[in-house]
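Right, one structure below, let's go through it.
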Amino acid sequence: MKRSRMNLLCAVVAVVVTASLTSRVDAFLVQPPPGRNQQQRQQQRKSRQPIHFAVNGDPPPASTSDTTRDITDTTTTASTTTTTTTLADRVRPDFDILHRTVSDQPLIYLDSGATSQKPRQVVEAVDDYYQRYNSNVHRGAHTLSREATAGYEAARDKAAQWMGARSRDEVIFTSGATEAINLIVQTYGRQNLRATDEVVLTVAEHHANLVPWQILAQEIGFTLRFVRVDPETGELDLEHFASLLNDRTRMVGFQHVSNVLGFINPVETMVQLIRDTAPHAKIVLDACQSIPHMRVNVQELGVDFVAASGHKMCAPTGIGLLWGKLDLLNSMPPYQGGGEMIDQVTLQGSTWLPSPARFEAGTPPIAQAVGLGAAMDYMESIGGIDAIEAYEHGLGEYLYEQLSAVPGISVLGPKTNRAPLAAFTHESVHPSDLSSFLDMEGVAVRAGHHCCQPLHTELGISHSVRASLSFYNTRAEIDAFIGHLKETLQFFDNLEQGGDKDDDTTNSDEDDFVPFV
């Protein structure tokens, strides 16, 4: 019988704080007299050689160990070895962080769904702003202010083009997608929703597209309705979705791509259903997991608002995008009051500028916007979004196939029509344990509910592990991740089998293993 996570970790004690920041993970272990299992694990780690991540054909370091693996994609014949250059091979030199080690192992970063890494070109663009033309925007005639304004507004032009906006005035800079959705809720929503209205969301929504609506619903009294996930397909139940739409529906919000299940919603089909059945409803699309990975044209999709984050598309943190139809934006009240967003101010009252200034009160995220512009320039320079989408599509399929083949692993979501991410569970090992042990091998994955607690409740689980990809990842990294995952699962299996034997004996503590904290 499998032990629960609590029983498995009941022997864990707090670890002493290590004095050296560069010490190995062993400094984070309680060190009792080693039993046989512990000795075997320590010997296994000592004998393991670092993995060499070859880029652009660089050879691995010389080693006599057969555990050393060169994880560049190669095709081997009897006499030659041919290296296949991929998009990741070409871009990895631009990402310094991808060449660091974690626990003396090369970093395998599989958490781009939480935030992407930033290429050197983006970091340098932000640094250049601070070093050469740091100034406030829209407020000065001097050279630095003009240059800062030009950099800030150039990023808006690039974003408008990236999203297929009709006008640059439809693009509003926010601190992130969360603020973008809150802005919609607290301006258009507060102005237009009534107690008799209904707002349709889905059980798969990120908390950022759920909690703001709940807060406003508690105040105004409108009804929230939620589209189910089809347990057979792992995607939204479109029949249930259609059944929730009616004349009382005033707002509909949903993700373009699920950040847990990985499905890609048929936005155009859903929009048509809404327009036919609930013609007065406005549509909010959460594009955080789509806009970095596939072409998103707001005019073709036909929605009314789109929220996206910059930090998931190689830009700095602290910058997000809100796109809205211009007539809607100019009909909405301000989100915040202050400088920049006003037309005229008297002691008796104030009037507002049109979009986008109306929604960008105060000093905006100038350096972050410059970084966002540099990120879009960078992604265009490596082939553009179509090349990125094509490469990541194949990579995502490979990740799903390899994960699905691991015994005991259940991958959440559909088998096809997926974005380059995969959340999964194991039949006996807790997601947090998997994530912690994989981190000891240099693998960065995310464990938790991924800001989707209601979805996990709907699925009958509390947490999951998520591996999410970007264009700088390789198949070889996926192979290494799967290898480390199998080793970790085998270790827990051996531990549990040993523990079951100990349960039948007395005073048998020689084989006890103290897990990592």
Using side-chain heavy atoms (C-beta onward) and a distance below 4.5 Å, is [X] in contact with [Y]?
X	Y	answer
H293	V257	no
D286	N259	no
F241	L236	no
P119	Y378	yes
R295	D386	yes
I319	S175	no
L395	F471	no
F424	V406	no

With a sphere of 6.0 Å drawn around [atom1] of [X], does it hold more than 12 non-hydrogen atoms of other residues, nucleotides or ligands?
X	atom1	result
Q299	CD	yes
N246	CG	yes
E239	CD	no
R120	CZ	yes
R446	CZ	no

Say whether, by atom type as modelled, one donor and one acceptor occur between the side chain of [X] and the main chain of [Y] under 3.5 angstrom.
X	Y	value
R358	M332	yes
Q289	G113	yes
D127	V123	no
K118	A315	yes
T351	Q344	yes
T346	Q348	yes
R250	D247	yes
N330	P354	no
S116	C314	yes
S355	E170	no

Tell me every residue that passes ring pair (Phe, Tyr, Trp, His ring centres under 6.0 Å) with [X], counting only those two or more places apart in sequence or in another chain.
X	result
H426	none
Y133	Y129
F359	none

Next item on the list: If the plane angle is over 60° it's perpendicular, under 30° parallel, otherwise tilted; pick one for H207 and H449.
Entry: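 If you compare the ring of H207 with that of H449, the planes turn out tilted.
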Next item on the list: Report the C-alpha distance between H450 and S464 in whole Å, list the side-chain angles of each, state the deciding distance to 0.1 Å, and finish with yes or no for side chain to side chain contact (heavy atoms under 4.5 Å, CB included).
Entry: CA-CA 8 Å; H450 316 300; S464 61; 3.0 Å; yes
Check: For H256 and V267, what are the C-alpha separation, side-chain angles and deciding distance, and is it a side chain to side chain contact (heavy atoms under 4.5 Å, CB included)?
Finding: CA-CA 7 Å; H256 195 172; V267 177; 3.5 Å; yes
Would [X] and [Y] count as having a side-chain donor-acceptor pair, cut-off 3.5 Å?
X	Y	answer
H393	E397	yes
H463	S432	no
Y109	S470	no
H206	Q255	no
E401	S404	no

Item checked: side chain to side chain contact (heavy atoms under 4.5 Å, CB included) evaluation trace for I274 with F254 -> CA-CA 12 Å; I274 297 166; F254 55 90; 4.2 Å; yes
[atom1]/[X] to [atom2]/[Y] distance, rounded to the nearest 0.5 angstrom?
X	Y	atom1	atom2	result
D439	F437	CG	CZ	11.0 Å
I181	N209	CD1	CG	4.0 Å
Q368	T317	CD	OG1	7.0 Å
L326	D169	CG	CG	6.0 Å
L412	L421	CG	CG	10.5 Å
E179	I184	CD	CD1	11.0 Å

Check: For the side-chain contact (heavy atoms from CB on, under 4.5 Å) test, which of L434, L438, I482, V102 pairs with V443?
Finding: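 Testing each of L434, L438, I482, V102 against V443, the sole residue satisfying side-chain contact (heavy atoms from CB on, under 4.5 Å) is L438.
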For the residue pair [X] and [Y], what are the closest heavy atoms and their distance?
X	Y	answer
S468	S112	OG-N, 3.1 Å
F95	V91	CD1-O, 3.3 Å
L244	E198	O-OE1, 4.2 Å
Y400	K415	OH-CG, 3.1 Å
R100	I97	CG-O, 3.0 Å
A177	A307	O-CB, 4.2 Å

Next item on the list: Starting from the C-alpha separation in whole Å, work towards a yes-or-no answer on side chain to side chain contact (heavy atoms under 4.5 Å, CB included) for L469 and L110.
Entry: CA-CA 6 Å; L469 306 170; L110 304 179; 3.7 Å; yes
Next item on the list: Just jot down the salt bridge (Lys or Arg N to Asp or Glu O under 4.0 Å) partners of E360, sequence neighbours excluded, or say none.
Entry: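 Once residues adjacent in sequence are excluded, the partners of E360 under the salt bridge (Lys or Arg N to Asp or Glu O under 4.0 Å) criterion are R156.
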Check: Tell me the salt bridge (charged side-chain N to carboxylate O under 4.0 Å, His left out) pairs involving residues 227-236, sequence neighbours left out?
Finding: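 As it turns out, the salt bridge (charged side-chain N to carboxylate O under 4.0 Å, His left out) pairs with a partner in residues 227-236, which skip direct neighbours, are R228-D237.
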Next item on the list: Quick one: list whatever passes side chain to side chain contact (heavy atoms under 4.5 Å, CB included) with R275, sequence neighbours left out.
Entry: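 Once residues adjacent in sequence are excluded, the partners of R275 under the side chain to side chain contact (heavy atoms under 4.5 Å, CB included) criterion are V271, I283, D304, K325.
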